[in-house]
A.B. asks: 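Below is one structure. I have some questions about it.
In what follows, chains are A, B, ... by sequence order, proteins preceding strands, each numbered from 1.
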Amino acid sequence: MSTLKVGRRAIETSNQHKVLFPGNEVTKGELIAYYHEVAAVMVPHLKGRPLTIQRFPDGIDKNGFYQKDASKYLPDWIHTQKLPKDKGTVNHVICDNPATLVYLANQAAITLHTGTSRVDRVEQPDQLIFDLDPPENAFRSAQEAAELLCALLEELSLPRFAKTTGGKGLHVVVPLRRGWRYRDVRAFADDTARVFELRAPQRLTTAVRRAKREGRLYIDVGRNAYGAHAVAPYSVRPSRGAPVSTPLFSDELFDEDLRPERFTVRSVLERIGAKGDPWASMRTSAVTLTRARTALNKLLAKT
DNA sequence: GCGGTAT
DNA sequence: ATACCGCTTCGGAGT
DNA sequence: ACTCCG
């Protein structure tokens, strides 16, 4: 039990030596130190977004759980926002300062997931996410798919930002100016995915059912929905080696030496120190989908 | 990790 | 007293 | 209407 000063808050931390990642022996203390140090770069990406927290108090080899509703027992300085769900409401944590991140790390919050809208206009997403999910351990095929997808988004004059998920695949994110509602952004995502699939039907699929994928890379667009979420940039994942979902520079995305498992809780801070945050300009790059919608309709008509 | 409820 | 329990949601497509 | 999926 000890106290960590974060800004003007004093955070009580406990069980610093508890091993959360057996195998490489990453402790809760290391998790807390990582989130403390990464906060300056990470918090801007969390600000205003409803958080879904994935916690593993007994380590990643034991069952963890997701937590959205955080109404109970949180210190009053942690911000929350009550949001509607189909039956009732959920009181989400909003992480808008480093101290909140450290507090959550002490709660064994290994992974943080964020919504694609901000709470002040929660029905209007400011991100469009494509999740490229390769079969087996074929990270290379996710890179190839990302190349095709980025070419398509370029044709639609859309900006795009990529990151590793910390798992097998990649996320490609288009920052949006708010205005469109979920159902319209989702329809755009569906149509984009359909065009994308038609360009390499032997390698790509939009089939949700695993049995129908037949070794092809799955392009998942289902995160573009109210109440859905995706792993946050710089979040740790509950897997061997404590991998981190890591934003990439565009020249890194296609580098054949890229090894996402090298981005871990023990290596990412050094990378940020050396190269900075590849997503720093995301907010200022946001666009409307209106023109892209017209261009996409033309591509759809050609099929 | 921790509050709530059953034992 | 301690033991166990809960702790996400969404929609589309397939059956 | 219920299941699978992430």
A.B. asks: Nearest to the A:Lys68 side chain among C:dT8, D:dG6, B:dG1, which nucleotide is it?
C.D. replies: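 Out of C:dT8, D:dG6, B:dG1, the nucleotide with an atom closest to A:Lys68's side chain is C:dT8.
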A.B. asks: If I take atom NZ in residue A:Lys212 and atom C1' in nucleotide C:dG14, what distance separates them, rounded to the nearest angstrom?
C.D. replies: 8 Å
A.B. asks: Among C:dA13, D:dG6, C:dT9, which nucleotide has an atom closest to any side-chain atom of A:Tyr218?
C.D. replies: D:dG6
A.B. asks: Strictly distance-based, threshold 3.5 Å: is any side-chain N or O of A:Thr111 a donor or acceptor partner for the main-chain N or O of A:Val236?
C.D. replies: yes
A.B. asks: CG of A:Asp220 versus C1' of D:dC4: gap in Å, rounded?
C.D. replies: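 Atom-to-atom, A:Asp220 to D:dC4, this comes out as 13 Å.
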A.B. asks: For A:Arg209 and A:Ala225, take the nucleotide of DNA chain C holding the closest heavy atom to each; which residue's nucleotide lies nearer the 5' end?
C.D. replies: A:Ala225
A.B. asks: So, OP1 or OP2 of B:dG1: does either fall under 4.0 Å of a side-chain N or O from A:Asn15?
C.D. replies: yes
A.B. asks: At 4.0 Å (heavy atoms only), tell me whether A:Asp58 reaches a base, stays on the sugar-phosphate, or touches nothing.
C.D. replies: nothing
A.B. asks: Under 4.0 Å from OP1 or OP2 of C:dT9: is there any side-chain N or O of A:Thr52 that close?
C.D. replies: no
A.B. asks: Can you check the distance between D:dC5 and C:dT8, where both ends of the measurement are the P atom (answer in whole Å)?
C.D. replies: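 Straight-line distance between the two P atoms is 23 Å.
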A.B. asks: To the side chain of A:Tyr66, which of B:dC2, C:dT8, C:dG12 is closest?
C.D. replies: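 For the A:Tyr66 side chain, the nearest candidate turns out to be C:dT8.
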A.B. asks: Give the rounded distance in Å between these two atoms: CD1 of A:Ile53 and C1' of C:dG6.
C.D. replies: 15 Å
A.B. asks: From the list C:dC10, C:dT8, B:dG1, which nucleotide is the closest neighbour of the side chain of A:Tyr226?
C.D. replies: C:dC10
A.B. asks: Mind checking if A:Asp86 touches a base, just sugar-phosphate, or nothing, with heavy atoms under 4.0 Å?
C.D. replies: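 Answer is sugar-phosphate: A:Asp86 comes under 4.0 Å of backbone atoms only.
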A.B. asks: Taking the side chain of A:Phe65 as heavy atoms from C-beta outward, which of C:dT15, D:dG6, C:dC7 is closest to it?
C.D. replies: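 Nucleotide nearest to A:Phe65's side chain: C:dC7.
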A.B. asks: Under a 3.5 Å distance rule, please check whether A:Ser235 uses its side chain to pair with a backbone N or O of A:Leu112 as donor and acceptor.
C.D. replies: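 Present.
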A.B. asks: Using a 6.0 Å cut-off, check whether atom CG of A:Asn137 has over 12 heavy atoms from anything other than its own residue.
C.D. replies: no
A.B. asks: Looking only at the side chain of A:Arg213 (C-beta and beyond, no hydrogens), which of the listed nucleotides D:dC5, C:dT8, C:dG14 gets closest?
C.D. replies: D:dC5
A.B. asks: Have a look at A:His229 and say if it touches a base, only the backbone sugar-phosphate, or nothing, with a 4.0 Å heavy-atom cut-off.
C.D. replies: base
A.B. asks: C:dT8, C:dG12, B:dG1: which one has an atom nearest the side-chain heavy atoms of A:Asp69?
C.D. replies: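 Of the candidates, C:dT8 comes closest.
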A.B. asks: Is the centre of the A:His171 ring less than 6.0 Å from the centre of the A:Phe161 ring?
C.D. replies: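 So the answer is no for these two rings.
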A.B. asks: Between C:dT9, D:dG6, B:dG1, spot the one nearest the side chain of A:Lys28, thanks.
C.D. replies: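 So the nucleotide nearest the side chain must be B:dG1.
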A.B. asks: Find the distance A:Arg55:CZ to C:dG6:C1' and express it as a whole number of Å.
C.D. replies: 11 Å
A.B. asks: Provide, to the nearest angstrom, the distance between the OH atom belonging to A:Tyr103 and the P atom belonging to B:dG1.
C.D. replies: 11 Å
A.B. asks: Return no unless some side-chain N or O of A:Lys85 is found under 4.0 Å from OP1 or OP2 of C:dT9.
C.D. replies: yes
A.B. asks: Spell out, as yes or no, whether a donor-acceptor pair under 3.5 Å connects the side chain of A:Ser267 to the backbone of A:Arg262.
C.D. replies: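 Pair found, side chain donor or acceptor close to backbone of A:Arg262.
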A.B. asks: How many Å lie between CG on A:Leu20 and C1' on B:dG1, as a whole number?
C.D. replies: 11 Å
A.B. asks: Indicate, with a heavy-atom threshold strictly under 4.0 Å, whether A:Lys87 touches base, sugar-phosphate, or nothing.
C.D. replies: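 Here A:Lys87 touches no strand at all.
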A.B. asks: Between C:dT9 atom C1' and A:Tyr182 atom OH, what is the distance in whole Å?
C.D. replies: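 One finds 12 Å between C1' of C:dT9 and OH of A:Tyr182, rounded.
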A.B. asks: Think A:Lys18 has a side-chain N or O under 4.0 angstrom from the OP1 or OP2 of B:dG1?
C.D. replies: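 Affirmative; the distance criterion is met.
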A.B. asks: To the nearest Å, give me how far apart CZ (A:Arg223) and C1' (C:dG12) are.
C.D. replies: 14 Å
A.B. asks: Kindly point out which of D:dC5, B:dG1, C:dT9 is positioned nearest to the side chain of A:Val208?
C.D. replies: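 In terms of side-chain proximity for A:Val208, the closest of D:dC5, B:dG1, C:dT9 is D:dC5.
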A.B. asks: Which is true for A:Arg210 with a 4.0 Å heavy-atom rule: it touches a base, it touches only sugar-phosphate, or it touches nothing?
C.D. replies: sugar-phosphate
A.B. asks: Determine whether a donor-acceptor pair (N or O, by modelled atom type, separation under 3.5 Å) exists between the side chain of A:Arg55 and the backbone of A:Gln67.
C.D. replies: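 Judged by distance alone, no pair lies under 3.5 Å.
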A.B. asks: Contact between A:Lys47 and A:Arg118 at the side-chain level, heavy atoms closer than 4.5 Å - yes or no?
C.D. replies: no
